[in-house]
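Heads up: the structure comes next, in structure tokens.
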Protein chains: 2
Amino acid sequence: MTERADRADRSTVERDPEAVSRFVEHFAAQLVEAGVPRMPARVFAALLASDSGTLTSAELGERLRISPAAVSGAVRYLAQVHMVSREREPGSRRERYRVHGDQWYEALTSRETVIKRWEHALREGVDSLGAATPAGRRLAETLAFFEFVDTEIAEMMNRWRAHRERLFGTQGTH
Amino acid sequence: MTERADRADRSTVERDPEAVSRFVEHFAAQLVEAGVPRMPARVFAALLASDSGTLTSAELGERLRISPAAVSGAVRYLAQVHMVSREREPGSRRERYRVHGDQWYEALTSRETVIKRWEHALREGVDSLGAATPAGRRLAETLAFFEFVDTEIAEMMNRWRAHRERLFGTQGTH
DNA sequence: CGCTTCTTTCACAAACTTGTGAAGTTAAGG
DNA sequence: CCTTAACTTCACAAGTTTGTGAAAGAAGCG
């Protein structure tokens, strides 16, 4: 694809920037409601809605009307949770941020990390309350639930990869 | 090692309150990190760690050192997301809050509600960006992912119920 | 090398959240 | 009915979080 994807790519459909913005803000709002900090959510939504799947810091700042500092912070967050990756553009000090079509919801599912910590806390609880007490038994059951979910999610992702291939041909976007 | 305390007599076991508190705060902290507001997280953890699975407002206030107002707010939140239910104690104006051993992680999984809203936003996005554009295709794939997850989660919960029965005999605690 | 362009860091002000005391509301039990 | 126990609502103070401007930090390119 060309370096200037924005202008060059009008081939298919004339895009209404206002409609795009509406989607970006709406989707970002849903992410926020699910616990994602606001700026990261907006930046992420903007990337999702871009044709190339990559935008520069300047483009993000312009589209979302936020300062370079805000972009910087948001991107740092997103990179940390593996929802975007950063690439340096070879002949420039410009940085590009990219959403890897598939990789990001794999990251989403990687709330595994979260689950692991829950499991740890629960194990502690079973120990200190005593496995024989009613409360201890409840915690043990909850723990078993999470352990079950853990393995199930892994299998689910495998099935998804197969399913996706069936739906969309081979590898995802990018 | 804590068996002496655990093993104590009577229906309501004499429990090392400090160990309980440690678990409550630790588990609550994990919930907070996952996006649950603090007071609801603490109240919920306290309920989880109680033998009966129910506590009154006064008991919660005492154990967590928070005002009745805070209990009230926390419980309202938890009831809304179906993590606890409220019952009125027959001959009294006392209210009891209960964690239904199994029901609550079914609620957890009911991120369906969340997912449904994501799906809606994504469908909107596919429409307004155009299904034929690269961005539109990315959104469509993401949408397909969530639709897939939706059905998978339902099936997973069925498998869990079977699995649980195998592990713990009959149906859950309560 | 040093100029220029882009990004990050930092301190702070604005905006939002949270938990509290106090007043308000509901219903049990005399 | 009236009292009183229990929960809820409200306004606000304290504490966080958020996004910004300003300045410093990298890195291409002449």
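This structure is a prediction, so every number in the text was calculated from the model and none was measured. In what follows, chains carry the letters A, B, and so on, assigned in the order in which the sequence lines appear, proteins first and then strands, with residues in each chain numbered from 1. Both backbone and side-chain heavy atoms feed into the values below; hydrogens, waters and symmetry mates do not.
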>> Does dA26(D) have its OP1 or OP2 closer than 4.0 Å to a side-chain nitrogen or oxygen of Arg93(A)?
In response: no
> Under 4.0 Å between a side-chain N or O of Arg38(A) and OP1 or OP2 of dT17(D)?
Replying inline: no
> Within this structure, what is the OH-to-C1' distance between Tyr77(B) and dT18(C), rounded to whole angstrom?
Replying inline: 14 Å
> Nearest-Å distance, CZ (Arg94(A)) to C1' (dT5(C))?
Replying inline: 9 Å
> Where the side chain of Pro68(B) is concerned, which of dT8(D), dT18(C), dG21(C) is the nearest nucleotide?
Replying inline: dT8(D)
> What nucleic acid atoms does Arg86(B) come within less than 4.0 Å of, heavy atoms only: base, sugar-phosphate, or nothing?
Replying inline: sugar-phosphate
> Would a hydrophobic clustering, with Ile, Leu, Val, Met, Phe, Trp and Tyr connected at side-chain separations under 4.5 Å, put Val32(A) with Val43(A)?
Replying inline: no
> Between atom CG in Leu55(A) and atom C1' in dC6(C), what is the gap in whole Å?
Replying inline: 16 Å
> Within less than 4.0 Å of OP1 or OP2 of dG19(D), is there a side-chain N or O belonging to Arg65(A)?
Replying inline: no
> Under 3.5 Å, side chain of Arg42(B) to main-chain N/O of Leu64(B), donor-acceptor pair present?
Replying inline: yes
> For Ser57(B), which contact category applies under a 4.0 Å heavy-atom criterion: base, sugar-phosphate, or nothing?
Replying inline: sugar-phosphate
> In whole angstroms, how far is the P atom of dT17(C) from the CD1 atom of Ile66(B)?
Replying inline: 20 Å
> When the distance from CG of Leu60(A) to C1' of dT8(C) is rounded to whole Å, what number comes out?
Replying inline: 15 Å
> Which of these nucleotides, dT9(C), dT20(D), dT9(D), is closest to any side-chain atom of Arg76(A)?
Replying inline: dT9(C)
> At under 4.0 Å between heavy atoms, what does Tyr97(B) touch on the DNA or RNA strands: base, sugar-phosphate, or nothing?
Replying inline: sugar-phosphate
> Nearest heavy-atom pair of Val24(B) and Ala45(B): which atoms, and what distance?
Replying inline: O-CB, 3.5 Å
> What is the distance, rounded to the nearest whole Å, between atom CD of Glu95(B) and atom P of dA6(D)?
Replying inline: 12 Å
> Starting at the 5' end of DNA chain D and moving along, which residue's nearest nucleotide shows up first, Val71(A) or Arg88(A)?
Replying inline: Val71(A)
> Which one, dT18(C), dG19(D), dT18(D), comes nearest to the side chain of Pro37(A)?
Replying inline: dT18(D)
>> Taking the minimum atom-to-atom distance to the side chain of Met39(B), which one of dG19(C), dT18(D), dT9(D) wins?
In response: dG19(C)
> Thinking salt bridges, do Glu106(A) and Arg161(A) make one under a 4.0 Å N-O criterion?
Replying inline: yes
> Which heavy atom in Ala132(B) sits nearest to a heavy atom in Arg137(B), and how many Å separate them?
Replying inline: O-NH2, 2.7 Å
